[in-house]
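Encoded as structure tokens, the structure appears first; notes follow it.
Reminder, nothing fancy here: chain letters follow the sequence lines and each chain counts from 1. The shown structure was predicted, so the numbers you read here are calculated from the model rather than taken from an experiment.
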Protein chains: 2
Amino acid sequence: MTASSSVSRDMASSRIFETLKQDVIRGRFAAGEKLAISALKNHYQVGLSPLREALNRLAAYGLLEQVNQRGFRVPAMHLEELDDIAGLRTQLECMALTQAFQAGDSEWESQVLAAHHRLRRADEHPERVEEWEQAHLRFHRALLASCGSHWLLRFIEQLHDQFDRYRRLAPPNPAVRKALDRQHGELVELALSRDIRAARALLDDHIRMSHSVARGCCASPASDDAT
Amino acid sequence: MTASSSVSRDMASSRIFETLKQDVIRGRFAAGEKLAISALKNHYQVGLSPLREALNRLAAYGLLEQVNQRGFRVPAMHLEELDDIAGLRTQLECMALTQAFQAGDSEWESQVLAAHHRLRRADEHPERVEEWEQAHLRFHRALLASCGSHWLLRFIEQLHDQFDRYRRLAPPNPAVRKALDRQHGELVELALSRDIRAARALLDDHIRMSHSVARGCCASPASDDAT
DNA sequence: CATCTCAACAAAATCGATTTTTTTACTCAA
DNA sequence: TTGAGTAAAAAAATCGATTTTGTTGAGATG
């Protein structure tokens with residue numbers, strides 16, 4: 001197709017930004033760990049300048065911390081912060097959901113259905129975790145996409161990334177996964193019938209469930225060591 | 001004082017970040033303008049690396065846009081986006097205000113009073129605009145500081161910066177300023193008496209007033225030109 | 001024995017130069 | 001006149017080297 005021919009590959013700094021972002025979210029670094037810049041440079045095989053630009057962007061995004069003359073570190077994790085993130089995420093997503101239901105047109109409905117279908121398909125291959133993760137993210141994006149607020153969506157995305165950092169510490173749990181998946185189906189139905197009240201309650205539950213799972217794994221936090 | 005002796009000056013990149021941030025917010029660049037990197041380098045007298053790191057941070061923060069292989073530009077301004085920013089800011093600040101009133105202790109009350117006093121003092125020198133602006137920002141920060149949510153405060157700060165970019169386009173208006181200042185005083189009283197309902201209504205009005213002022217100046221937007 | 005100093009070391013931040021990409025200006029043909 | 005093609009110019013991105021700053025530990029000092 002013609003569209004894909006315009007794939008002007010992005011800059012090294014953008015590529016390394018995405019890679020590092022995923023690696024932080026997936027917990028490939030220890031919480032509180034100091035990032036040795038030259039080690040990263042060798043590991044990812046990139047130059048110093050694009051690497052530093054990526055680190056700066058990640059720090060501004062909140063997935064790294066920058067200390068004055070002593071480089072970058074992965075933020076420590078605290079139960080307290082998880083609760084903050086989950087609580088705010090619930091409020092913002094419910095807000096967006098309401099607006100999305102009010103403003104959503106039939107194109108939105110189609111996208112939600114499509115995203116849900118992809119999510120169910122991804123569920124058939126339990127071994128490909130990352131594909132499911134991506135489909136899951138996209139489903140929730142699609143559900144709120146029609147809310148009409150650029151900034152609300154932006155903050156929700158940011159909170160989602162923060163939340164995922166905690167959630168992914170927890171080991172996979174088929175029972176929970178199954179329950180969450182049932183909720184996804186119900187959310188689609190409620191979207192089509194525009195049942196705002198029920199959908200808000202369900203989304204609240206949905207996040208609460210993930211929250212409590214993540215909470216269990218954050219309880220004994222190998223957090224704020226540094227040395 | 002001893003505290004100020006620990007002024008380990010920050011890196012060049014942080015300094016230029018702050019400078020550029022203020023310059024964008026204060027409208028020293030045209031909306032939609034492309035930033036010529038080497039021109040900035042000369043103008044601010046900094047090296048390329050710290051400059052680029054600052055630009056990357058600003059882009060991640062949302063005060064600049066980064067296009068793939070063609071550098072950075074100041075975001076265009078749209079009435080539609082102003083409405084989005086103002087609406088979301090109202091919701092988030094009211095949310096934070098409620099929590100701040102519930103969780104605020106006497107230390108918080110003291111800080112609010114102190115910030116309000118500084119704001120009134122700054123008001124006595126109408127010529128020093130930036131001092132008033134800073135005091136104003138700090139007053140609103142102090143009012144919400146005890147809300148207990150790091151991330152909520154972070155998002156509010158970000159929206160505040162975005163909002164200011166629009167608000168500062170409007171010419172100074174003594175009548176409006178006076179009305180806003182009266183509201184600041186009322187907010188302090190409502191904070192001390194913990195009158196959540198009244199305070200939310202007042203804060204809503206407060207933002208709405210600034211919003212409509214900014215809206216007047218955004219109506220004929222010299223916005224998305226680029227050439 | 002604890003603490004301080006300072007040199008050697010390691011790491012981060014910055015600079016200057018090079019490489020890559022985009023934009024501009026121009027030529028020639030339809 | 002217009003439009004495609006192309007070479008020169010400009011700008012952005014990246015690299016390698018240098019400078020600056022923080023850290024460590026041996027030896028001196030109280």
Beyond-backbone contact of A/L169 with A/M77, side-chain heavy atoms, under 4.5 angstrom: yes

Polar-atom pairs under 3.5 Å, protein N or O versus N or O of nucleotides 17-21 of chain D: list them with distances, or write none.
unit_1, atom_1, unit_2, atom_2, d
D/dT21, OP1, B/R9, NH2, 2.9

B/L143 backbone acceptor or donor facing B/W108 side chain under 3.5 Å: yes

Reference residue A/E133; test salt bridge (Lys or Arg N to Asp or Glu O under 4.0 Å); the match among A/R177, A/R26, A/R168: A/R168

Distance, rounded to the nearest Å, where A/N68 contributes CG and D/dG22 contributes P: 8 Å

Sugar-phosphate, base or nothing in reach of A/L55, heavy atoms under 4.0 Å: nothing

Nearest-nucleotide pick for B/I37, side chain only, options being C/dA12, C/dT14, D/dA13: D/dA13

Sugar-phosphate only, base, or nothing, as touched by B/L51 at under 4.0 Å among non-hydrogen atoms: nothing

Atom pair distance, as rounded to whole Å: CD1 in B/I16 and P in C/dT14: 11 Å

Toward the 5' end of DNA chain D, by each residue's nearest nucleotide, A/K41 or B/A36: B/A36

Atom of A/A142, atom of A/V112 and distance for their closest heavy-atom approach: O-CG2, 3.6 Å

Between P of D/dG16 and CG of A/N42, the distance in whole Å: 12 Å

Ring centers of B/H140, B/H206 separated by less than 6.0 Å: yes

Residues forming a salt bridge (charged side-chain N to carboxylate O under 4.0 Å, His left out) with B/R70, sequence neighbours excluded: none

Closest to side chain of B/F72, choosing from D/dA13, C/dT14, D/dG16: D/dA13

Cation-pi geometry met for A/K21 and A/Y61 (6.0 Å, 45°): yes

Atom pair distance, as rounded to whole Å: CD in B/Q45 and C1' in C/dT14: 15 Å

A/N56 CG to D/dA13 P, straight-line distance once rounded to whole Å: 14 Å

Rounded distance (Å) that lies between atom P of C/dC15 and atom CZ of B/R52: 15 Å

OP1 or OP2 of C/dA12 under 4.0 Å from side-chain N/O of A/K34: yes

Distance, rounded to the nearest Å, where B/M11 contributes CE and C/dC15 contributes P: 13 Å

Whole-Å gap separating C1' (C/dA13) and CZ (B/F17): 17 Å

B/S13 side-chain N/O to C/dT14 phosphate OP1/OP2 under 4.0 Å: yes

Any B/R70 side-chain N or O less than 4.0 Å from OP1/OP2 of C/dT21: no

